[in-house]
Amino acid sequence: MSETYQLRDGLVVPKIAFGTWLVNGAQGVNSIVSALNVGYRLIDSAFNYENEGAVGAAIRKSPVPREDIIVSSKLPGRHHHYQEAIDTIQESLYRAGLDYYDLYLIHWPNPKEDNYVEAWQALIDAQRFGLIRSIGVSNFLPEHLERLEKETGVMPVLNQIELHPYFNQEKQREYDQAHGILDQAWSPLGRASNELKDPFILKLAEKYHKNAGQIILRWETQLGVLPIAKSSHTDHQRENLNIFDFELTADELVGMSKLTKVDGRLKNQDPAVYEEF
């Protein structure tokens, strides 16, 4: 896959990532190896997915050189205190059998606990120690990001957020782009939603001879967003990468964005109040 983004710190990342939520064990290893074989070069994981070991095993099993793969993981909410965060990052690497992560994110801000600045300082130092190449966050709102910058002087290079046609995150994207933060989309196709059956999306799919998922992923990349696509089936993995041979028009991009809903979050996981440990 040749199309890439360059993060503010210089790291070059592919425009689509492979997601590994619920991708575990030997079957998970095979799915990740398959994804690498068909062309994915960014593998997204998390401490809480309990599959960092499978990710590492797949990388060792794959013919793709480690230096050609961007590997990402995330710090869980229960380990936001500084020393716990440092230890958890090290444990993440031990689980995966890796010397470094290319990307490491704070999974949720957990604002009621209010330890995310301490966790961010740990990521800053882990980067300085050589454990992480680039540091970012997940599910951070503008007020959380502003506080990170105010208290540490360092802004994330990437923010992984819920984003799909029924929840387009326009204001969050505007803020992030203005501050040089790349948005990465989790659940980019929605989660067991009706988005793959939406009449507007299906009309575009017919026009471009693509499936609905490909239309959605292309819309997201044209917004300047990096979607995390997930599939255990090789054919679907390949389809999700095959989105760069067509381009939606400006009017079609607007039409896609108009599908958003006020209550568009899939599970009401508002980062202002939601916490995950």
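Any value given below was found using the heavy atoms of this structure, including those in side chains, with hydrogens, waters and symmetry copies removed. It should be emphasised that the depicted structure is a prediction, and the values quoted were computed from it without experimental measurement.
Using bins of under 30°, 30° to 60° and over 60° for the plane-to-plane angle, the ring pair His236/His233 lands in the perpendicular bin. Taking the six-membered ring where tryptophan is involved, the planes of Phe246 and Tyr208 are tilted, since the angle between them lies from 30° to 60°.
Defined by atom type and a distance below 3.5 Å, a donor-acceptor pair is present between the side-chain atoms of Ser92 and Glu52. Between Tyr274 and Asn268, the side chains place no donor N or O within less than 3.5 Å of an acceptor N or O (distance only, hydrogens not considered). At a cut-off of 3.5 Å, with distance as the only test, no side-chain donor of His80 or Glu113 sits close to an acceptor on the other residue. Side-chain contact, Trp186 with Asp44: no donor N or O sits under 3.5 Å from an acceptor N or O. Lys230 and Asn240 form no side-chain donor-acceptor contact under 3.5 Å, judged by distance and modelled atom types alone.
Residues Asp102 and Arg133 are paired through a salt bridge, judged by an N-O separation under 4.0 Å between the basic side chain and the carboxylate. A salt bridge is defined here as a Lys NZ or Arg NE, NH1 or NH2 lying under 4.0 Å from an Asp or Glu carboxylate O, and Asp99 with Arg66 fails to meet this definition. Using a 4.0 Å cut-off between charged side-chain N and carboxylate O, Asp114 and Arg147 make a salt bridge. In summary, Glu275 and Lys112 do not engage in a salt bridge, as defined by a charged side-chain N under 4.0 Å from a carboxylate O. A salt bridge links Lys210 with Asp245: the closest approach of a Lys/Arg side-chain nitrogen to an acidic carboxylate oxygen falls below 4.0 angstrom.
Residue pairs that meet the ring-ring contact (aromatic ring centres under 6.0 Å, His included) test with at least one member in residues 140-162, sequence neighbours left out, are Tyr116-Phe140, Tyr116-His144, Phe140-His144.
A cation-pi geometry, defined here as NZ or CZ lying under 6.0 Å from the six-membered ring centre and within 45° of its normal, holds between Arg95 and Phe47.
Remark: of the listed residues Asn194, Leu196, Leu259, Leu259 is the sole one forming a side chain to side chain contact (heavy atoms under 4.5 Å, CB included) with Ile201.
Around CD of Gln269, the count of heavy atoms belonging to other residues, nucleotides or ligands within 6.0 Å exceeds 12.
With sequence neighbours excluded, the residues forming a salt bridge (Lys or Arg N to Asp or Glu O under 4.0 Å) with Arg238 are Asp235, listed by chain and number.
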